[in-house]
Amino acid sequence: MLIDRFGRAIEYLRLSVTDRCDLRCNYCLPKGFKHFEEPDNWLTFDEIERVVAVFARLGTRRVRLTGGEPLLRRDLPALAARLSALPGLQDLSLTTNGTQLQRHAAALRAAGVSRINLSLDSLRRDCVEQITGSDSLPKVLEGLAAAKAAGFSPIKINMVAMRDVNDADIEAMAAFCVEQGLILRLIEAMPMGETGRSAHYLDLQPVLERLSRRFDLVEQARELGGGPARYWSSRDGVFSLGVITPISQHFCATCNRVRLSVDGTLYLCLGQEEKMELRPLLRAGIDDAGLEAAIREAIELKPERHEFREQPKKLVRFMSMTGG
Ligand code: SAM
């Protein structure tokens with residue numbers, strides 16, 4: 001087991017397989033951004049599998065593939081199949097913007113990806129275009145349909161809720177999720193890099209109160225996926241809501257995860273700089289015992305909490321660099 005200095009068991013790895021993305025969500029990647037990692041610096045599938053195998057031996061039970069847009073990494077289903085076969089891993093999931101999902105959903109399911117989170121901030125085509133920088137809604141909805149047809153269930157919809165941008169869309173998104181049998185997850189925008197800081201932050205606590213009254217929600221004790229969301233369900237069971245509130249009510253005391261970026265940097269906290277570079281160690285021929293020791297050493301660096309609220313200008317890294 002990996003236990004950090006604050007007694008938290010680390011059993012969840014977010015694995016970024018690329019820092020590239022086909023969308024430019026205005027709270028995430030700056031328009032015109034070109035400083036992506038060189039392919040030579042990407043961890044290879046062999047290297048990723050080695051690192052994840054060591055994590056699994058150290059007690060990691062869940063891995064989430066993310067990015068950037070993970071489906072831009074060529075042959076992702078082949079990597080997924082290798083990871084899902086690793087002893088000890090119980091849950092391999094994926095976060096995607098959905099634009100490429102129509103082509104890959106069935107192969108991902110066959111490769112052992114068990115759950116999908118799909119990012120969608122509005123059902124209004126113009127609003128999605130304004131946020132993502134392209135007219136992506138039709139493709140995303142096709143991707144969602146393909147994921148449902150491939151048997152992914154439940155599918156969670158990640159919606160970054162922003163004041164005066166898409167806050168008026170929350171009820172429509174809830175109705176859509178009820179109709180389609182999806183779980184809606186509302187996320188507070190985090191001040192990650194200039195892009196994140198420029199997002200119109202919306203406190204989700206009043207939204208939660210409003211939706212609780214509207215749908216007669218009761219809080220769920222059961223964890224749904226081991227991530228940072230708190231969940232509510234309507235008494236009739238038709239609507240499930242997850243709320244991720246890193247700003248208005250942070251959840252660092254129960255943080256159980258670390259993040260590996262495409263270049264092999266292990267980030268210990270989404271909102272802090274503590275990290276360890278694993279790629280140089282891998283390429284210098286470190287053995288598994290050495291890798292295990294390096295990961296244990298890195299876990300010692302995990303900070304107690306982020307400081308998005310107290311120091312919103314601290315983080316220059318934006319979300320897609322770390323892996324969302
Ligand atoms: N491309 C994939 C996607 O869109 O789901 C995976 C990576 S994306 C960085 C993962 C999640 O991070 C998305 O749901 C996105 O909305 C969210 N995100 C990005 N920047 C954010 C920010 N500054 N604050 C809150 N969420 C953010």
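All heavy atoms count here, side chains included; hydrogens, waters and symmetry mates do not. Residue numbers count from 1 along this sequence.
The stretch residues 19-38 participates, sequence neighbours left out, in these ring-ring contact (aromatic ring centres under 6.0 Å, His included) pairs: F33-H35, F33-F36, F33-F318. The ring-ring contact (aromatic ring centres under 6.0 Å, His included) pairs that include a residue from residues 263-311 are H250-H306, H306-F308, where partners are two or more places apart or lie in different chains.
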The test is side chain to side chain contact (heavy atoms under 4.5 Å, CB included); show your working for N117 and T96 and say whether it passes. CA-CA 6 Å; N117 290 1; T96 175; over 6 Å; no

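Taking the salt bridge (Lys or Arg N to Asp or Glu O under 4.0 Å) definition, one finds that K275 meets it with nothing, sequence neighbours left out. In this structure, E209 has no salt bridge (Lys or Arg N to Asp or Glu O under 4.0 Å) partners at least two apart in sequence or on a different chain. When the salt bridge (Lys or Arg N to Asp or Glu O under 4.0 Å) test is applied to R57, the partners found at least two apart in sequence or on another chain are D288. In terms of the side chain to side chain donor-acceptor pair (under 3.5 Å) criterion, residue partners of Q205 (sequence neighbours excluded) are, by chain and number, S248. In this view, E274 satisfies the salt bridge (Lys or Arg N to Asp or Glu O under 4.0 Å) rule with no residue, not counting sequence neighbours. The side chain to side chain donor-acceptor pair (under 3.5 Å) test applied to Q130 returns no partner, not counting sequence neighbours. Legend: residues meeting side chain to side chain donor-acceptor pair (under 3.5 Å) with R61, ordered by chain and number and at least two apart, are absent. With sequence neighbours excluded, no residue forms a ring pair (Phe, Tyr, Trp, His ring centres under 6.0 Å) with Y201. Residues passing the side chain to side chain donor-acceptor pair (under 3.5 Å) test with R14, sequence neighbours excluded: Y12.
Atom SG of C21 sits about 12.0 Å away from atom CE of M319, to the nearest 0.5 Å. For the atom pair T245 OG1 and E188 CD, the distance stands at 5.5 Å (nearest 0.5 Å).
Residue C127 comes nearest to V165 through the heavy atom pair SG-O, 3.7 Å, listed as atom of the first residue, atom of the second, then distance. Contact detail for A199 and A189: the closest heavy-atom pair is CB-CB, 3.7 Å.
Residue L15 is grouped with residue L281 when hydrophobic side chains (ILVMFWY) are merged at heavy-atom distances under 4.5 angstrom, including chains of intermediate members.
With side-chain heavy atoms closer than 4.5 Å counting as contact, directly or through intermediates, the hydrophobic cluster containing I3 also holds M1.
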